[in-house]
Amino acid sequence: MSESAAALLDRIQAPAGEGREIPDAATREIIGRAPVASVADLDDAIARAKAAQPGWEALGHEKRSALLLAAADAIDANAEALAHLLSREQGKPLNGPNARFELGACSAWLRTNATTVLEPQVLVDDDTLHAELIYKAAGVVGAIGPWNWPLMITIWQIGPSLRMGNTVVAKPSEYTPLSVLAMIAVMNEVLPADVLIGVSGDREVGARLASHPDVDKIMFTGSTATGRRIIESSAGNLARLTLELGGNDAGIVLPGTDAAAIAQDLFWGAFINTGQTCAAMKRLYVHDSVYDDVVSALAEIAAATPIGNGLDEGNVLGPLQNKAQFDIVSRLVDDARSGGARVVTGGEAAPELGELFYRPTIIADIDNDAALVQEEQFGPALPVIRYSDVDEAFELANAVDVGLGASVWSSDPEAARDAAARMQSGTVWINSHGGLHPMVPFGGVKSSGYGLEFGVEGLKSVAVTQVVSGPPRKG
């Protein structure tokens with residue numbers, strides 16, 4: 001059943017006079033009131049999820065898959081309402097690789113989770129022994145989501161978890177709880193009771209979720225600093241962890257590359273979701289031979305890309321989601337400018353559009369040790385660093401302590417593929433950046449976290465293993 005955004009909001013928000021007010025990212029007007037759960041509320045949710053888990057697992061893969069496909073249908077039926085709520089709460093426009101795109105990804109990933117097969121692995125099968133490695137539900141999964149892609153990343157967490165027979169308690173970001181709670185409400189129209197529970201609360205609730213003795217697995221996407229705290233919180237219960245943490249992804253444009261041919265993909269590799277994406281390109285190394293052409297092409301695209309309120313169908317870039325992130329971007333760009341870097345386009349706020357809008361910014365002639373290069377800006381500002389020696393470019397790209405994604409760009413894709421192995425990152429893209437596929441595993445190295453998501457490996461990550469070893473099978 002399809003509902004309006006207002007009707008969905010009424011279903012999940014706190015009563016009048018209660019909860020935490022959530023502003024529209026673009027206008028700063030209050031959208032609604034998010035429930036604020038207590039630790040006791042969380043404990044109750046975990047108890048309910050734990051009680052529901054054995055029955056959910058006992059349904060078997062076929063029945064669970066059918067219910068997940070029905071949940072994907074429910075998301076599709078309410079996609080437009082959810083996209084409008086998401087656009088207002090998060091700030092991303094409806095069009096482009098933004099809110100409607102995110103809702104499409106939610107149902108697509110959920111359908112893939114529902115239909116991906118994970119078979120037992122036969123370890124030994126001879127005339128003396130038959131041994132198999134099988135995958136069983138872990139139990140209760142705690143899913144802690146971010147504010148940048150709140151719906152899609154929540155599905156990345158809960159989809160495989162439910163598919164494998166776990167129940168899930170999901171805590172959305174304090175910045176974007178309404179759209180996540182609304183999507184969970186839509187899914188719960190078809191899922192059994194207490195299989196999926198959304199709990200909106202503060203950091204105390206998140207810490208309790210990570211440390212709760214009845215939580216068997218934690219999935220978290222967010223900053224490296226918060227990831228470290230989750231590791232500490234989980235020490236007592238030894239919950240298994242999948243952590244997708246911060247990134248400062250590098251792109252390297254190799255000598256002789258056609259700037260015009262790659263400019264659009266370069267731009268969106270950096271500026272998707274107004275730069276607020278963990279696996280967006282945050283720093284770009286360009287060879288002398290094409291440096292000026294690449295900078296010029298990027299600046300031209302940045303200056304021409306429509307930015308404004310996400311509900312305006314013509315816009316494809318929106319505001320920063322929150323004031324703290326706006327301040328980070330402003331500080332890093334100002335620091336780059338004061339350090340002698342050249343602001344080719346942008347480099348300033350756009351107050352006529354709203355409080356948290358920042359113009360898409362290209363920074364050239366910047367030193368590699370500038371804060372804008374070394375720190376993750378997570379916003380619409382791309383530093384472009386000139387290099388002349390390819391070996392040095394890879395050395396600089398790999399020098400940071402994170403390694404989520406990276407990209408290599410060349411008019412010779414095979415040369416780029418050969419060079420990709422030199423990158424220290426969980427994923428390397430060739431002539432693109434940040435594209436994900438529900439069957440291709442994704443995860444980071446270094447301080448970008450550990451554990452894989454997506455596809456068969458993603459199903460394994462939310463399961464526990466058991467070896468069954470016995471006499472050889474007859475026949």
Side-chain angles (χ1 to χ4, degrees), residues 49-50 52-69 109-144 155-169 195-196 210 212-221 227 230-231 234-245 403 426-427 436-445 448-475:
K50 182 178 180 181
Q53 192 275 324
W56 175 244
E57 185 176 10
L59 285 179
H61 289 301
E62 185 175 345
K63 290 183 178 179
R64 288 198 303 273
S65 294
L67 286 166
L68 291 179
L69 290 173
W109 249 267
L110 195 53
R111 293 182 200 284
T112 300
N113 294 149
T115 55
T116 298
V117 176
L118 174 57
E119 298 285 2
Q121 180 182 350
V122 177
L123 305 172
V124 179
D125 186 22
D126 59 24
D127 57 2
T128 63
L129 178 68
H130 183 90
E132 288 185 344
L133 180 68
I134 63 175
Y135 298 89
K136 305 172 69 173
V140 176
V141 174
I144 304 175
I155 287 293
W156 292 354
Q157 296 171 335
I158 66 180
S161 298
L162 294 175
R163 165 70 174 79
M164 291 305 296
N166 306 288
T167 51
V168 180
V169 177
V195 163
L196 172 61
H212 198 286
D214 290 331
V215 171
D216 303 283
K217 168 81 182 188
I218 291 290
M219 301 188 75
F220 170 74
T221 295
I230 287 174
I231 294 171
S234 67
N237 62 358
L238 292 179
R240 290 161 171 80
L241 302 176
T242 296
L243 303 174
E244 195 260 85
L245 307 179
T427 297
L436 300 174
H437 188 285
M439 286 302 296
V440 177
F442 179 70
V445 298
S448 290
Y450 47 77
L452 290 174
E453 300 177 83
F454 310 162
V456 172
E457 296 302 321
L459 296 182
K460 291 178 180 179
S461 77
V462 290
V464 293
T465 56
Q466 183 179 61
V467 174
V468 178
S469 184
R473 285 186 162 177
K474 295 180 180 180

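Keep in mind that the numbers below use all heavy atoms, side chains included, and drop hydrogens, waters and symmetry copies.
Residues G403 and S448 share a closest heavy-atom pair of N-OG, 2.9 Å. Across every non-hydrogen atom of W56 and L162, the tightest pair is NE1-O, 3.0 Å. G142 and V215 get closest at one heavy-atom pair: N-CG1, 3.8 Å.
Annotation: side-chain hydrogen bond (donor to acceptor under 3.5 Å, both in side chains) contacts of H61 (sequence neighbours excluded): R64, R163. Considering only residues two or more places apart in sequence or on other chains, V440 meets the side-chain contact (heavy atoms from CB on, under 4.5 Å) condition with H437. Taking R111 as the reference, D73, D76 meet the salt bridge (Lys or Arg N to Asp or Glu O under 4.0 Å) condition, with sequence neighbours excluded. Every side-chain hydrogen bond (donor to acceptor under 3.5 Å, both in side chains) that Q53 has, sequence neighbours left out, goes to E57. For the side-chain hydrogen bond (donor to acceptor under 3.5 Å, both in side chains) test, no residue two or more places apart in sequence or in another chain qualifies with T221.
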Between V462 and Q157, does the side chain to side chain contact (heavy atoms under 4.5 Å, CB included) criterion hold? Intermediate values first, please. CA-CA 9 Å; V462 290; Q157 296 171 335; over 6 Å; no
Test side chain to side chain contact (heavy atoms under 4.5 Å, CB included) on M164 and L118 and set out the steps. CA-CA 9 Å; M164 291 305 296; L118 174 57; 3.7 Å; yes
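For the residue pair T242 / K217, a side-chain donor-acceptor distance below 3.5 Å is found, with atom types taken as modelled.
The CH2 atom of W156 lies 14.0 Å from the CG atom of L110; values are rounded to the nearest 0.5 Å. Interatomic distance, CG of L196 versus CD1 of I158, reported as 4.5 Å (0.5 Å rounding). Atom-to-atom distance recorded for D214:CG and D216:CG is 7.5 Å, nearest 0.5 angstrom. A distance of 5.5 Å separates CH2 of W109 from CG of L436, quoted to the nearest 0.5 Å.
Under the salt bridge (Lys or Arg N to Asp or Glu O under 4.0 Å) criterion, the residue pairs touching residues 125-134 are E132-R473, with sequence neighbours excluded.
Put simply, the side chain of L241 reaches to within 4.5 Å of the side chain of Y450, judged on heavy atoms.
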